[in-house]
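Residue numbers start from 1 in every chain, and the chains themselves are labelled A, B, ... in the order their sequence lines are given, proteins ahead of strands.
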Amino acid sequence: MSLSALTAPWRAFNYGFLDESAKREIRRKTLKAIAVPGSQVPYASREVPMARGWGTGGLQVTLTLLKPSSVVKVIDQGADDSVNAASIRKFLRRVGAADETLDTTAATLIQSRHRIPEERLRDDQILVLQVPDPEPLRAVEPDISEARHMHADADYGLLWLKLYEQIVRSGRIMEGASYPSLVNARHVISPSPIPRWDVPKLHQADNLTILSAGREKRIYAVPPHTDVAPLVFDDIAFRVEDHAQITCQRSGVKGYFLNELPQAGGPSIHEMSDSHFATKHIQKREGEAVTFADTYYVNGSLSR
Amino acid sequence: METLVTPTRDDIRMSEAFEALMWALTRPGVPQPLAEPGLLPLAECLVDRETTVFAADAAFGAALAATGARPAPVESADYVFAPLADAADLARIAAVSIGDPFYPEHAATIFAPARIGAGPALRLSGPGIAGTAQLAVGGVDPAFWPLRARAAYPLGWDLFLVGEAEVVGIPRSTLVEVI
Amino acid sequence: MAYAATRGGEAAIGEAERLFREDLPSLTAERVAMVRRTLPYLVDRAMGEASLYEPDLAALAIAQAGGDLYEAVLLLRAYRTTQPRLWTAEAVRHSDIFTVRRISAAFKDIPGGQILGPTLDYSHRLLKVGVLSGETEAADPVTPRPVPAPPTQPALVDWQREHGLVADTRAESVPLDEIPDVTRDGLLFPAPRAHRLQTLARGDTGGMLALGYANMRGYGPTHPTVNDLRLGEAEVRLRHPRGTVFSAGRVRVSEAEMVSKAASGGTLELGFCATFGWNEVKTIAGATLDLSMHFESDYPAASEEFVLYHTEPTEASGFCIHFKMPHYVTFQSSLDALRGANTDRPAKGRAGDAAPDPAKAVEEIVS
């Protein structure tokens, strides 16, 4: 046997950019994350050709899961056309040889920053959420070693106290996005900075959600059919953003999460945040054949 | 023009093996077909010189060595490949790591041969399962299940039962009842 | 294969990159060679922070990024991750390093002697403006000493150990294959010593300087002195599977050892930092940080977690610039809570008797 028979032809990088050893590590940690829903699993988090904080955690998971038959959708703030979503999609095209889509219903793998699509994800779809800060305790305990102790003891008292203080001071819970949520009745997670509107979509979902923080080097997961409960007091209900009655200027549809666009000299107008979902409504109105999945919200209310 | 990188045959094999494991753990109790039979491809997609392994079967241990994984005693191995068929097997498995409260992910992953679909019936519930699921498994000593249940969640073993051409995942988050 | 139709976003990022590149000359092998030859300290700094020793690649990264060092380090780090880790080199001891500069501030003279070597320390920092009007500045030739300094130097700490000035801790013997590698493991705390030193070795020079300097100014538990500082070249020695040890080449290295009085007892505590390339300010700051981490202290700049997390060049710079990305979804979510607090205010008493404070609400949103 010669040396050349033992070696593969040189390539600048692997399929999916990451080398096999990096992928194996992400596979190992992903399985542990699925086995203990909501528990943050540390991983080495390799550098990728994008700056830290720009989706490198989500990207490493996507690159590990990618295969030629994948159909990939990338969104940022709900939009496929956001510049960083375009950049990530372009990179995946370069290293992945997979199909791309804007349509949630056609995707097998969805990498997203800050939103869960409005159309209900199926059990064969995987949602990868980019996470800037995986630690729900960061605001009350910045030291990660201390926070780890608190997770080990399921000691979330300081978080409850923070929410209580908000109610006392402001008359309501003031958490915006990244609403702390209890997974499988054991681990509190940051669901990534998705709006409160999206948090109930994680509860008893049909799909697998993998959350990955590249800079902070943590992977965690919410498997399908897993309880996800935003932290609330018995006598104060969890409130999603008050968007149910506002109409999207682009599509004319209402009942979904919106972007507010301030208008010079007047009030704001609103556009649906899930941009391609709005586009599909426009296409439908114009007589094109489009496929919709069921939505998590119907007429602005959560549907189960 | 953008470069397109296509996967090698090994890339595809490893990706298929991992997907079977991932879906198995995501949907506990639902058999996932294996593209290639046997334990080795499942091991190869996970272990390397950065992991420790224990193999009950010496020949399989020798095959694992090619991955670079470091052999370790059963109580400290990250990945344990061992049967759960009888009392002697269970005596060995009892020592396997369940992780620690600070790092529950340090618990070992167990791969055990089993006959999927033939044998005592189990009722499973927990994350990944809508309501409850049923599964018949042969080749696993029923005394394994109470042994497994001794670990207090989130500690515990993550288990893959590997049949002829399919794998079933039972993460530690699954409640298993023998019925 | 189906591609999503190119829309505004993708066209815009393409043009933005072209605008950046248009301001730079074409990237050529000559330009890269010029960077390598004329800016060796910049190349060294990039290699250190990238933890990748390859001067040509480092020079290429610097040229490609137009001199933006964080970009250059990211380019090198992203390249590094694609490379397999094939082998672990044998340990390098102080006394193995071909030393070109070696000083100690702790004693007037030391075994082996003080060797000033190449440095600008005592130069007058006068800008050579004549060059701009056509003069050529060429260095005068060096006058060699009749007896050259020996190529290697003993470690001062060995003498100190013999005389009971530092605790006699011996390096634990770890098989090469089992040395923890921070680029392959998650960084957890308390970190293994290898992780700490590796993280400092690839730390951000500026960040380490800022936190090291904070320690030196008094926001730290130590009063450091330079015990042993050296610049040199180290052989990368590999053990062949047949057992022979051979050199695969040499790398430029810097290392610094800082000392301070130990918290208790009559001994000195040591801090250490080494990095690829010649970068004295980084190793002095790094060794000071390592030294401070040995002490019980409430100073953030002496906390292992605080220091190692916040001096990571790629993570820190990436996160800093990520704030440019759109955050309108999170902002919208916060705005909703803020407006809710305002409109809910009349309906008070719902959650206790204290009146809601809109100023506090704003503070919480902004935080």
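Looking at A:D206, neither its backbone nor its side chain comes within 4.5 Å of chain B, counting heavy atoms on both sides. For A:R186, the part lying near chain B is the side chain, with the backbone staying farther off; criterion is any non-hydrogen pair under 4.5 Å. Proximity to chain A involves both the backbone and the side chain of B:Y103, based on heavy atoms less than 4.5 angstrom apart.
Around the CD atom of B:E75, the shell of radius 6.0 Å holds more than 12 heavy atoms that belong to other residues, nucleotides or ligands.
At least one side-chain heavy atom of B:F18 sits less than 4.5 Å from a side-chain heavy atom of A:L65. Taking the side chain as every heavy atom from C-beta outward, A:I126 and B:W23 approach each other to under 4.5 Å.
Looking only at heavy-atom pairs under 4.5 Å with chain B, the residue among A:T226, A:L66, A:D227 that has the most is A:T226. Across B:I129, B:I170, B:D11, the residue that shares the most heavy-atom pairs under 4.5 angstrom with chain A is B:I129. Ranked by heavy-atom pairs under 4.5 Å with chain B, the list A:G16, A:P68, A:A152 is led by A:A152. Of the listed residues (A:N184, A:V222, A:V41), the one with the most heavy-atom contacts under 4.5 Å to chain B is A:N184. Counting heavy-atom pairs closer than 4.5 Å to chain A, the top-ranked of the candidates B:S15, B:P171, B:P7 is B:P7. Of the listed residues A:Q204, A:H149, A:H187, A:H151, the one with more heavy-atom pairs under 4.5 angstrom with chain B than any other is A:H149.
Residues of residues 49-61 of chain B lying under 4.5 angstrom from chain A, judged on non-hydrogen atoms, are B:E50, B:T51 by number. Inspection of non-hydrogen atoms places A:S21, A:R24, A:R27, A:R28, A:T30, A:L31, A:K32, A:I34, A:A35, A:V36, A:P37, A:S39 of residues 21-39 of chain A under 4.5 Å from chain B. Of residues 35-48 of chain B, those residues with a non-hydrogen atom less than 4.5 Å from any non-hydrogen atom of chain A are, in numerical order, B:E44, B:C45, B:L46, B:V47, B:D48. Using a 4.5 Å heavy-atom cut-off against chain A, the contacting residues of residues 131-158 of chain B are B:Y153, B:P154, B:D158.
Of the inter-residue distances, the one linking B:E16 atom CD with A:K67 atom NZ reads 7.5 Å to the nearest 0.5 angstrom. Here B:M22 contributes atom CE and A:L208 contributes atom CG; the two are 6.0 Å apart, rounded to the nearest 0.5 Å.
Between A:P223 and B:P127 the shortest heavy-atom distance is CG-CB, 4.3 Å.
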